[in-house]
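Working notes, structure below.
Residue numbers begin at 1 in each chain, while the letters A, B, ... track the order of the sequences.
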Protein chains: 2
Amino acid sequence: MPTDSTEMEAEELTPGAQRILEVASELFYRRGIHAVGVDTIAAESGVTKRTLYNRFGSKDNLLRIYLETKDRRWRELVVDRLSSEKGDPRARVLVPFTVLPEWLTESDRGCSFVNAFAELPERDHPGNRVIRAEKEWLRRFFHDRTVEAGAGERAASTLAVQLLALHEGAIVSNAIAEVPGTARAVTEAATALVDAALA
Amino acid sequence: MPTDSTEMEAEELTPGAQRILEVASELFYRRGIHAVGVDTIAAESGVTKRTLYNRFGSKDNLLRIYLETKDRRWRELVVDRLSSEKGDPRARVLVPFTVLPEWLTESDRGCSFVNAFAELPERDHPGNRVIRAEKEWLRRFFHDRTVEAGAGERAASTLAVQLLALHEGAIVSNAIAEVPGTARAVTEAATALVDAALA
DNA sequence: GAGTAGGTATACAGATCTGTATACGCAAGG
DNA sequence: CCTTGCGTATACAGATCTGTATACCTACTC
C-alpha cells in the first residue's frame, strides 16, 4: 500500500486513484469534509469502496493528499508566474495577487485551506499541518520578495502580514460577499501598501 | 415551541436553553458543526436531549440561532464603539479594526461565520443567509462611514471591499498563521488605505 | 504459465447521528 | 387544586458513517 509514502505524487497514481482524488477534491471543497462520505466519493469516481481503501488507506489520508496536492498546485502557479516577472521587484511581490483572477475562477467556495481548517481543529492532524505550512509559505513569500525589493527587515515583516491578510480576505470575502471587482480592488490595495512600504 | 420565532432573543431563553446555546456556540466554533452531535451538546450543557429538542426544535435551528446571536453581539460591539467615536470621521470608518484586539481574544479559531460557511454550502440554508447578511452588513458599514467621511461613491465602494477583505483576512490569518502583531499591522494598513482614499 | 497488481461486487460489523416515544418529577400561578 | 411549563431518565427507530471480509475477474509480466 503506497498510502504512507509522504512523497506520493499525483503522477504515480493509478488512473482509478487519480479519478478518486479529483472527485474527492471537488466534493471536499464544495460540500465540506465531514459532509462527504467515502461511499459518495467511490460512487462518483466509478470505483468500489474497496479500491478507494486499497489506494488511499483511509479518508483522513485521502484528505491529507487532497490538501497537499492543492498546496503544490498553488505554489507552482505562483512560482511559475514569478519566473516571467523577472524585472520589476514590486511586481514580483504582487504575483499572488496578479494570479488571483484565474485562481478565483475555480475558488467560488472560498479558500480550500481555510475551509478545511474550520473542520480540522486538532493541530497534530496531518491536514492541519499542511494548512498552516501553506499560510506560512505565503507569508514568507511576501516577506522574502519584499526584502529583495529593498525593504528592511521590520518593514518586510509588517508588509508580509498585511498582504497575507489581504490575500486571504480577498478569496474568502469574494466567495461570501460576492462583490464584483473584488480581485481588482484588493490588488490595487496591495499595490498601494507595497508602494508605501518601499517608498 | 418557540423555535420558529425568528425574533427569538437570548433574554427570552430559559436558563437551560441559555446554557445549551452557550455550550453549542463554543463547540460549533471550536470543533466544527458536523463534528459536534446533539448528544454531546446536551451532555455538556447538563440537560437531556429531550430538553434540547423541546427548546430548539432541531440542530439546524440551534445552529441558526447560534449564528444570529454571534452576529448580533458583533454588530452591537461595533455600534457601541461607534457612538464613543463621534468626532473623527476616519476613526469611525476604522472602528471594526480598533475593536479587533478584544474580539480576537475569543476568536483564536478564526471567524465563526467563515468557518460555518465552509460547512453550509447551500445558499438557502438559514445559516448561510445569516452569514452572507453579516458580511454584507460590514461591507455596507465601511461604505457608509466612508461616504460620511467625505468620499465619493466610487471611492467608497472600492474602499469598502478592500477593508472588508483586510478585516476578514486579519481574523482568519491570525488564527492559522499565528503571527504576533497581526491586529496592529492590519489596522495600520487599514488606516493607510483610508487616508489614501480620503486624500 | 504462474504470480502479481488493479479492480469489481456484495455484504457486514460497529459506531454514531438526528430525532422521537414513553413515563415521571416538581414548582409556580390561576 | 390543578393545569401548565420546564425538566429528568431511558429507550429506541432509522439512517449514515468508516472500515473490513469474502470471493471473483482481468491483464501484464517474469
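- Of all nucleotides listed (D/dT8, D/dT18, C/dG19), C/dG19 comes nearest to the side chain of B/Tyr53.
- Between A/Thr48 and the phosphate of C/dT10, there is no side-chain N or O to OP1/OP2 separation shorter than 4.0 Å.
- In this structure, A/Ile33 places its CD1 atom 18 Å from C1' of D/dT16, rounding to the nearest Å.
- Distance, B/Arg31 CZ to C/dC17 P: 11 Å, rounded to whole Å.
- Side-chain nitrogen and oxygen atoms of B/Ser58 include none within less than 4.0 Å of the OP1 or OP2 phosphate oxygen of C/dT18.
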### Message
Under the criterion side chain to side chain contact (heavy atoms under 4.5 Å, CB included), I'd like the reasoning laid out for A/Tyr29 against A/Glu106: C-alpha separation, chi angles, the key distance, then a yes or no.
### Response
CA-CA 10 Å; A/Tyr29 179 61; A/Glu106 49 176 319; over 6 Å; no

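- Atom CD1 of A/Ile41 and atom P of D/dG19 are 11 Å apart (whole Å).
- Not a single donor-acceptor pair, N or O on each side, falls under 3.5 Å between the base of D/dG19 and the side chain of A/Lys59.
- In terms of phosphate contacts, B/Arg50 brings no side-chain nitrogen or oxygen within less than 4.0 Å of OP1 or OP2 of C/dT20.
- In this structure, of D/dA11, D/dT18, D/dT8, it is D/dA11 that holds the atom nearest to the side chain of B/Lys49.
- Nearest-nucleotide assignment on DNA chain D puts the 5′-proximal partner with B/Thr51, out of A/Ala35 and B/Thr51.
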#### Entry: Steps toward salt bridge (Lys or Arg N to Asp or Glu O under 4.0 Å) verdict (A/Asp71, A/Arg75)
CA-CA 6 Å; A/Asp71 182 29; A/Arg75 296 193 194 192; 3.0 Å; yes

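- One interatomic measurement links the two molecules: CG of B/Leu52 to P of C/dT20, which rounds to 12 Å at whole-angstrom precision.
- As a whole-Å value, the separation of B/Leu63 CG from C/dT18 P is 11 Å.
- When each of B/Val47 and A/Val38 is assigned the nucleotide of DNA chain D with its nearest heavy atom, B/Val47 is the one assigned upstream, toward the 5' end.
- Heavy atoms from other residues, nucleotides or ligands lying under 6.0 Å from CZ of B/Arg30 number more than 12.
- A/Asn115 has its side chain out of reach of A/Ile33: every pair of non-hydrogen atoms, C-beta onward, lies at least 4.5 Å apart.
- Separating the CG atom of A/Asp39 from the P atom of D/dA15 is a distance of 15 Å, rounded to the nearest angstrom.
- Ring-plane geometry between B/Phe97 and B/His167 is classed as perpendicular, the angle between the planes exceeding 60 degrees on a 0 to 90 degree scale with a lower cut at 30.
- Following rounding to the nearest Å, A/Asn54 (CG) and C/dT4 (P) show an atom-to-atom distance of 16 Å.
- Comparing atom distances between the A/Arg55 side chain and each of D/dT8, C/dG6, C/dT8 picks out C/dG6 as nearest.
- One can place CZ of B/Arg19 at 12 Å from C1' of D/dT8, the figure rounded to the nearest angstrom.
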